[in-house]
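Residue indices begin at 1 and follow the sequence shown.
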Amino acid sequence: MSKPNLYVDINVLQSVPSSNINRDDTGAPKTAYYGGVVRSRVSSQSWKRAVRMMFKEQSTDAEWLAGIRTMRGPLLLANELQKQDSNLSSDEAMAQAVDVFNKAKIKLDKKTNQTKALLMLSHGQIAKLAEYVRQNDELDSKAVKEALQGDHSLDMALFGRMVADDPSLNVDAACQVAHAISTHEIVPEYDYYTAVDDEKADDESGSAMIGTIEYDSATLYRYANVNVNELVQSLGDVDTAVKGLQLFVKDFVLSMPTGKQNSFANKTVPQYVLVTVREDTPVNLVSAFEEAVKSRHGYLQPSVAKLEKEYQDTQQFVQTPLASVVVTNKESKISTKAADVDDLVSKITEVIESRVSDENLND
């Protein structure tokens, strides 16, 4: 019997003032053309990293939340080997760690003993590899790979892992995150600034430094979805997956990339959050804004109205969601409202747990 599909859609509207939270190669805020006009854009990579950083802050007693994306995997393993066996020298531990990565067929730079590409590792995988090395004089390639294929951290299960050297070590992402875009057209602006030398004499004129920073302001539409069945499979059990989903929903809603944060202090919270649980397919509602919002009195409320209309219009093409819960102090036609983000997560969890408690999801 096939497993029933189960998807969680997260839709967020968030007004952000003058800011430059995600820059391109020229230092300008990222943009996108959509509906024939220029929109502000924040890349999915940028927001996923913001979520991962929130996971790290929460992982003091739960290292399963946040893995480590690094080229220094052998060094991490060597450190763990020494932690488990204090009699090992640094050179011995590194030699053993290099042997492990060679057995996994992950290519290393021979001069630095670093991987040639960033590699995501969980704390559990590092600990298991070190334990395997301590218990076995001869390393088996298959056993090493098995250690790298389990004990996934939450961020690895959500966002996936690609290992070009050996695709068998890939981890399919249970989560998709869209690039956030403004619901309306934006016009880039420039801040011309100067810096004065504090020790400048009274008879000296001019500034010690001048420069410009490009910025914009926007009401952003943000979207992500989670394949709950994939998350259960990747994390290994329903309870862990449900807990991970709760954390992701809350952290995705409340996180913010930190680009130019000190210059603009642009940390806002969302003004509208709509989370749906679906059995057929995830649905990105960005087409609500294909025709850019136009307003002289703010973009937020018109954006809410357009988003909820799109939500209703999509019912012609997809099944009615199992649940739709909204958090906002704006006018909303969604019938199920939550008092706050924690209440929203609680209401969604009730639906998820009723659907993923079947034993066939653990098959």
Is a side-chain donor-acceptor pair under 3.5 Å present for [Y] with [X]?
X      : Y      : value
Trp64  : Ser122 : no
Asp151 : Gln125 : no
Glu308 : Gln312 : no
Gln176 : Asn284 : no
Asp166 : Ser168 : yes

As an exercise, state the distance from [atom1] of [X] to [atom2] of [Y], rounded to the nearest 0.5 Å.
X      : Y      : atom1 : atom2 : result
Arg39  : Ile181 : CZ    : CD1   : 5.0 Å
Thr112 : Arg72  : OG1   : CZ    : 8.5 Å
Lys333 : Lys309 : NZ    : NZ    : 10.0 Å
Lys200 : Ser205 : NZ    : OG    : 6.5 Å
Tyr190 : Ile213 : OH    : CD1   : 12.5 Å
Gln96  : Leu88  : CD    : CG    : 5.0 Å

Find out if a path of hydrophobic residues (ILVMFWY) with successive side-chain heavy-atom gaps under 4.5 Å connects [X] to [Y].
X      : Y      : result
Val325 : Leu247 : yes
Met54  : Met120 : no
Val8   : Leu274 : no
Leu65  : Met156 : no
Val286 : Leu220 : no

Under 3.5 Å, side chain of [X] to main-chain N/O of [Y], donor-acceptor pair present?
X      : Y      : result
Ser207 : Met209 : no
Thr115 : Leu118 : no
Thr349 : Val345 : yes
Ser19  : Ile21  : no
Asn227 : Tyr7   : no
Asp280 : Val318 : no
Tyr221 : Leu285 : yes
Glu92  : Ser89  : yes
Thr268 : Ser15  : yes
Arg278 : Pro321 : no

[X] versus [Y], closest heavy-atom pair with distance:
X      : Y      : result
Ile334 : Ser324 : CG2-O, 3.8 Å
Val293 : Lys306 : CG2-CD, 3.7 Å
Lys116 : Leu108 : CE-O, 3.5 Å
Ser18  : Ser217 : N-CB, 3.7 Å
Phe264 : Tyr215 : CZ-CB, 3.7 Å
His179 : Ser43  : ND1-CA, 3.4 Å

### Query
Could Lys347 and Asp343 be called an ion pair, given the rule that one side-chain N must be under 4.0 Å from one carboxylate O?
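Yes, this pair counts.
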
### Residues Asp85, Arg134: salt bridge by 4.0 Å N-O rule
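Not counted as a salt bridge, because no side-chain N and carboxylate O are separated by less than 4.0 Å.
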
State, with a plain yes or no, whether a side-chain heavy atom of [X] is found less than 4.5 Å away from one of [Y].
X      : Y      : answer
Leu169 : Ile106 : yes
Leu75  : Met94  : yes
Gln271 : Leu13  : no
Pro257 : Asn22  : no
Ser255 : Arg222 : yes
Ser44  : Tyr223 : no
Leu344 : Val253 : no
Tyr311 : Thr276 : yes

Around atom [atom1] of [X], are there more than 12 heavy atoms of other residues, nucleotides or ligands at under 6.0 Å?
X      : atom1 : value
Glu331 : CD    : no
Lys243 : NZ    : no
Lys56  : NZ    : yes
Lys337 : NZ    : yes
Lys267 : NZ    : yes

### Message
Going by salt bridge (Lys or Arg N to Asp or Glu O under 4.0 Å), Asp155 matches just one of Arg52, Arg49, Lys48. Which one?
### Response
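Going through the options one by one, the only one that passes is Arg52.
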
### Task
List for me each residue that meets ring pair (Phe, Tyr, Trp, His ring centres under 6.0 Å) alongside Tyr299, sequence neighbours excluded, and say none if there are none.
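Only His184 meet the ring pair (Phe, Tyr, Trp, His ring centres under 6.0 Å) criterion with Tyr299.
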
### Query
By salt bridge (charged side-chain N to carboxylate O under 4.0 Å, His left out), which residues pair with Glu279, not counting sequence neighbours?
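By the salt bridge (charged side-chain N to carboxylate O under 4.0 Å, His left out) rule, Glu279 matches Arg355.
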
